[in-house]
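Please read the structure below before turning to the comments.
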Amino acid sequence: MKKKLVVGLTYDLKTDYELEPGEPVDKYAEFDKEDTIAVIENALKEGGHQVIRIGNGKKLLDFLVGKKEKVDIIFNIAEGINTRSREAQVPAILDMLEIPYVGSDPLTQTLTLDKLMAKKIVAYHNLPTPKFVLVNEISDLENFKLSFPVIVKLRYEGTSKGLDKGAKTNNFSEMKKRVQWALGTYHQPVLVEEFIQGKEFTIGLIGNEEPEVLPVVQIAINGKLDLGEDFYIHSLVESTGVEYICPAKISARLDKKIQEIAKKCYQVLECRDFGRIDIRCDEKDNPYFLECNPLPSLALVDIWPIVAQQCGLTYNQMINKILSYALARYSSLRSGS
Ligand SMILES: Nc1ncnc2c1ncn2[C@@H]1O[C@H](COP(=O)(O)OP(=O)(O)OP(=O)(O)O)[C@@H](O)[C@H]1O
Ligand SMILES: [Mg+2]
């Protein structure tokens with residue numbers, strides 16, 4: 001018989017934080033909304049489990065010090081705060097206390113939030129990723145050799161933070177101006193990457209050493225499938241301008257190629273239980289790894305309900321499948337034990 005578990009939920013809510021004067025408006029964009037927590041909670045309950053809402057990393061500490069209730073496993077989607085290791089905060093606490101949890105460990109969380117480090121690992125394994133230059137200070141642009149256009153993005157952010165139309169630049173002086181703005185606004189290093197002009201895809205994966213690659217999702221912007229110069233800017237997040245097309249409208253060959261690259265990236269970055277890989281193709285349909293999200297949004301407006309449907313599952317079943325991949329890693333929690 002399936003074992004009923006007590007599942008703790010850790011997450012960062014947008015409403016837990018307030019912007020200080022002068023901070024970028026997208027500072028807390030990655031954090032979740034209440035309704036996302038509710039749908040995950042509901043899914044886990046439908047899976048037969050008891051759910052305790054814990055909240056962010058600090059609330060987890062209070063919960064653990066209080067020791068009033070015991071959890072069997074934590075379903076973690078907390079993004080953490082402050083540093084490029086922020087997504088590792090909750091997993092690190094749980095590792096220290098030997099509390100089982102769903103999702104990637106601190107190393108993978110940190111490695112992938114830092115786009116530069118993730119690209120280095122991916123490139124080391126001969127997987128394609130756009131050429132880039134890291135800019136810590138403006139003098140790092142001396143001897144700049146990338147081909148234009150280039151995109152100027154932040155080294156460790158998500159949710160298209162810092163990206164508006166001006167992030168794609170066509171010449172050195174435009175690029176330099178944008179880099180100066182990004183360094184001054186976000187106070188973190190900047191990645192300048194060759195701009196890949198073509199179709200864009202995001203691929204959900206679940207599982208561990210041999211993950212299941214879920215059906216490829218194609219990103220359409222304002223009805224366009226071949227994005228060319230368009231890209232996913234911050235103002236498009238949760239807007240009707242972005243559509244997730246699944247199955248992707250591409251040849252079986254390209255689909256297979258994208259799935260293979262996504263799987264290898266997930267594996268070399270050592271993701272656990274669930275994650276999402278973002279890929280963009282050039283005009284000749286050559287795919288390039290953009291980034292890996294081991295804490296992809298599980299909001300109903302994101303890809304998971306669509307992808308689940310393509311797999312013949314409900315969203316709730318998909319969430320419980322993710323949980324079951326985590327349980328399989330912890331022998332003491334396997335169903336039936
Ligand atoms: N080299 C590139 N060439 C073309 N477009 C790019 C490139 N890098 C990023 N983009 C565009 O910017 C968007 C955001 O970039 P990326 O996925 O790297 O960052 P993110 O903010 O972490 O994304 P997410 O919202 O998935 O967390 C991509 O979805 C893509 O549209
Ligand atoms: Mg992305």
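Predicted model only: the values in this text are computed from it and were never measured. In each ligand, atom 1 is the first atom listed, and ligand 1 is the first ligand listed.
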Counting heavy atoms under 4.0 Å, the part of T202 that contacts ligand 1 is neither
Atoms of ligand 1 under 4.0 Å from any heavy atom of E193, numbered from 1 in the order shown, are 1 (N), 2 (C), 7 (C), 8 (N)
*Check whether any side-chain heavy atom of I322 sits under 4.5 Å from a side-chain heavy atom of V102, and report yes or no.*
yes
Looking only at non-hydrogen atoms, the one of L154, L191, I196 nearest atom 3 (N) of ligand 1 is I196
Scanning both residues in full, the closest heavy-atom pair of D105 with T108 reads OD1-N, 3.1 Å
Is there a heavy atom in K168 that sits closer than 4.0 Å to ligand 1? no
Note: L236 and G241 closest approach over all heavy atoms is CD2-CA, 4.2 Å
F231 heavy atoms within 4.0 Å reach ligand 1 at atoms 11 (C), 12 (O), 31 (O)
The atoms of ligand 1 lying under 4.0 Å from a heavy atom of R280, numbered in the order shown, are 4 (C), 5 (N), 31 (O)
Any carboxylate oxygen within less than 4.0 angstrom of a Lys/Arg side-chain nitrogen, looking at R53 and E41?
yes
With heavy atoms and a 4.0 Å threshold, my read on which part of N293 contacts ligand 1 is side chain
Close approach, Q197 and ligand 1, non-hydrogen under 4.0 angstrom = no
* **Heavy atom of H234, distance to ligand 1 below 4.0 Å** => no
Numbered in order shown, the ligand 1 atoms found under 4.0 Å of a heavy atom of L163 are 12 (O), 13 (C), 14 (C), 15 (O)
Relative to each other, are the rings of F274 and F75 parallel, tilted or perpendicular (30° and 60° limits)? tilted
